[in-house]
Amino acid sequence: MEMSNAGAGGVPPKLEDDDAAAAAAEREPCGGGAPRREEKERWRRELVVGCLVALLLFAFFVLGRESASEVLQIASSKLSAMNGGFTTKNPSHGGGAAKHADELLGGLLAPGMDRRSCRSRYQAAHYYKHFPYAPSPHLLDKLRAYEARHRRCAPGTPLYNRSVEQLRSGRSAGGVECNYVVWLPFDGLGNRMLSMVSGFLYALLTDRVLLVDLPHDSSDLFCEPFPGATWLLPPDFPVANLFGLGPRPEQSYTILLNKKKITAVVNNDDDPASKNATAALPPPPAYVYLSLGYQMADKLFFCGDDQRALAKVNWLLLYSDLYFVPSLYSVAEFNGELRRLFPAKESACHLLARYLLHPTNAVWGMVTRYYNSYLAQASRRIGVQIRMFNFASVSVDDLYNQILTCSRQEHVLPETTTDNDNDDDLATAYDSNSSNGGGGNYTAILIASLYPDYYVRIRATYYEHAARGRVRVGVFQPTHEERQATQRLFHNQKALAEIHLLGFSDELVTSGMSTFGYVGSSLAGVRPTILMPAHGHRVPAPPCRRAVSMEPCNLTPPRLGEAECREMAAVVDKEDVARHVKVCEDFDRGVKFFD
Ligand SMILES: *[C@@H]1O[C@H](CO)[C@@H](O)[C@H](O)[C@H]1NC(C)=O
Ligand SMILES: *[C@@H]1O[C@H](CO)[C@@H](O)[C@H](O)[C@H]1NC(C)=O
Ligand SMILES: *[C@@H]1O[C@H](CO)[C@@H](O)[C@H](O)[C@H]1NC(C)=O
Ligand SMILES: *[C@@H]1O[C@H](CO)[C@@H](O)[C@H](O)[C@H]1NC(C)=O
């Protein structure tokens, strides 16, 4: 039920935009504290520098050069974080992790971007309940190098103009400094976010620049993620009709291969004949279209030989609705780099999504208004995301029972008391301090679903029965749009707002195979309890499973025999791949990252 006093009663937490409103909640890197604010700030800075220098010397002399350079990287990211300012005030609501929220997420986000044009970028850290994985120093290096490259090569630069000229001329050739991957929209919002993240990681791995072509329905969803340059593809891009190309246009990789307009490059340095073969290859085309959607038309993309061929192509157009990151792990070209970037495999999407996908002010306004009205005072926030697919539909009763059985099995939603329980106990719970707004034992359940049915039932449950343990329960659902309408901007904005609200949860229940739920879990940094899809329209048993990894599932991984990918057997440590890329909890034909 909605607790009317929960939203209106308390003072909404204040989050300040400007740098002036600063500084109460900073970290004390070397401990200690000084009395006055300005003094404290300067003193703290000096102390931190001192600590870091000492650490650096220690690392250099005692641990050797490599550790010293690692410490140096951490130090420089720390200092740049300080210069960017730990500025936003710690909100007064009960987020445990928010207490010491570092708004740049441990250096994941570059400092110095405009706060007002994209408020979520600086404020989101204060809302997330969890931040389980610090970015690795190698990831930070890679991101800063990427940002520099993006600034050099972005639309509006001379280098971009040169690359576009090359494209107009029809042939890739040497001498062009910038190479690109152009992301194209395909499928619903969750799918798009996952393929954007995948495309960005691919750009990181291949020294390319990610540009996106956003249709009107996505025009006001995401902020520019990179400092000092745009990621939007200019409208005069020379390839026509980008949104209408479909899965298999003329320039798709596999078609070009079949027509021998491009040739996979066999890497065999010991065999001089193969070098000659390489020299005799046709010049690569100016652009190649990669169809990596659920049909996986260009699955050879995931072979090393083919990656070497694609490396010579200036422009790659990426058409995908998948989170294909786990499938890059078995490509020899990328395996080692992925290990260094993500020492914890399950942190990949979590970190990349928080780096890349910042909602615009229009969306962020919805997120924060809703949060402050209904969720801020809760001491525990549970997100429940419910999606029913046509191929796995069951009755509302069946799915509702599945949710309840799951919740009892995994102890997610607060349990209710039976009629015989002591009423006095409950009376106390509601009388005491319900007006202080402090939360106490207040649990907010946020339902994200296209339909109102589950919200209505769950709310009724906590109206008709009290929750055990003096817990007050509020049940909320921001929207119920009845059906997905990806072609409408306002629909997408509301959907994106809900994904972010899910991202602020302490715990999550999500629907299996739903990319919406995958993105919510990744943003939250939470391993969700996943409701199993009702394959064959049969209520699944067990009703749900607790995820072992917070990574999204790649629902359509490439199925490649060793004959197709020659080097796969030889170069990659197959045991390691088998350990880290395994079948998804919710779909046995999908794969995902595990640690
Ligand atoms: C790039 O080319 C466009 C026209 O194609 C031109 O208007 C613009 O000035 C050029 N920019 C640079 C930096 O060369
Ligand atoms: C490689 O090609 C060059 C000329 O194209 C030829 O002279 C040379 O003998 C070839 N080498 C091998 C090992 O085939
Ligand atoms: C109500 O809250 C106040 C302060 O927040 C506290 O001192 C008091 O003990 C609380 N009363 C009950 C009945 O919990
Ligand atoms: C809140 O509820 C939990 C579980 O019912 C209980 O263990 C805990 O003591 C309660 N906390 C407060 C402050 O009442």
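Atoms within each ligand, like the ligands themselves, are counted from 1 in listed order.
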*Asks:* Check whether any side-chain N or O of Arg192 sits under 3.5 Å from a backbone N or O of Asp187 as a donor-acceptor pair, and report yes or no.
*Replies:* yes
*Asks:* So which protein heavy atom does atom 14 (O) of ligand 1 come closest to, and at what separation?
*Replies:* Asn161 ND2, 3.1 Å
*Asks:* When you measure from atom 13 (C) of ligand 1 to every protein heavy atom, which one gives the shortest distance, and what is it?
*Replies:* Gly156 O, 3.4 Å
*Asks:* Would you please indicate yes or no on a ring centroid separation below 6.0 angstrom for Tyr253 and Tyr289?
*Replies:* no
*Asks:* Please determine which of Arg119, Arg115, Arg121 meets the salt bridge (charged side-chain N to carboxylate O under 4.0 Å, His left out) test together with Glu103.
*Replies:* Arg115
*Asks:* Does the protein place a non-hydrogen atom closer than 4.0 angstrom to atom 4 (C) of ligand 1?
*Replies:* no
*Asks:* Hey, is atom 7 (O) of ligand 1 touched by any protein heavy atom at less than 4.0 Å?
*Replies:* no
*Asks:* Keeping the roles fixed (side chain from Ser549, backbone from Glu346), state whether a donor-acceptor pair exists under 3.5 Å.
*Replies:* no
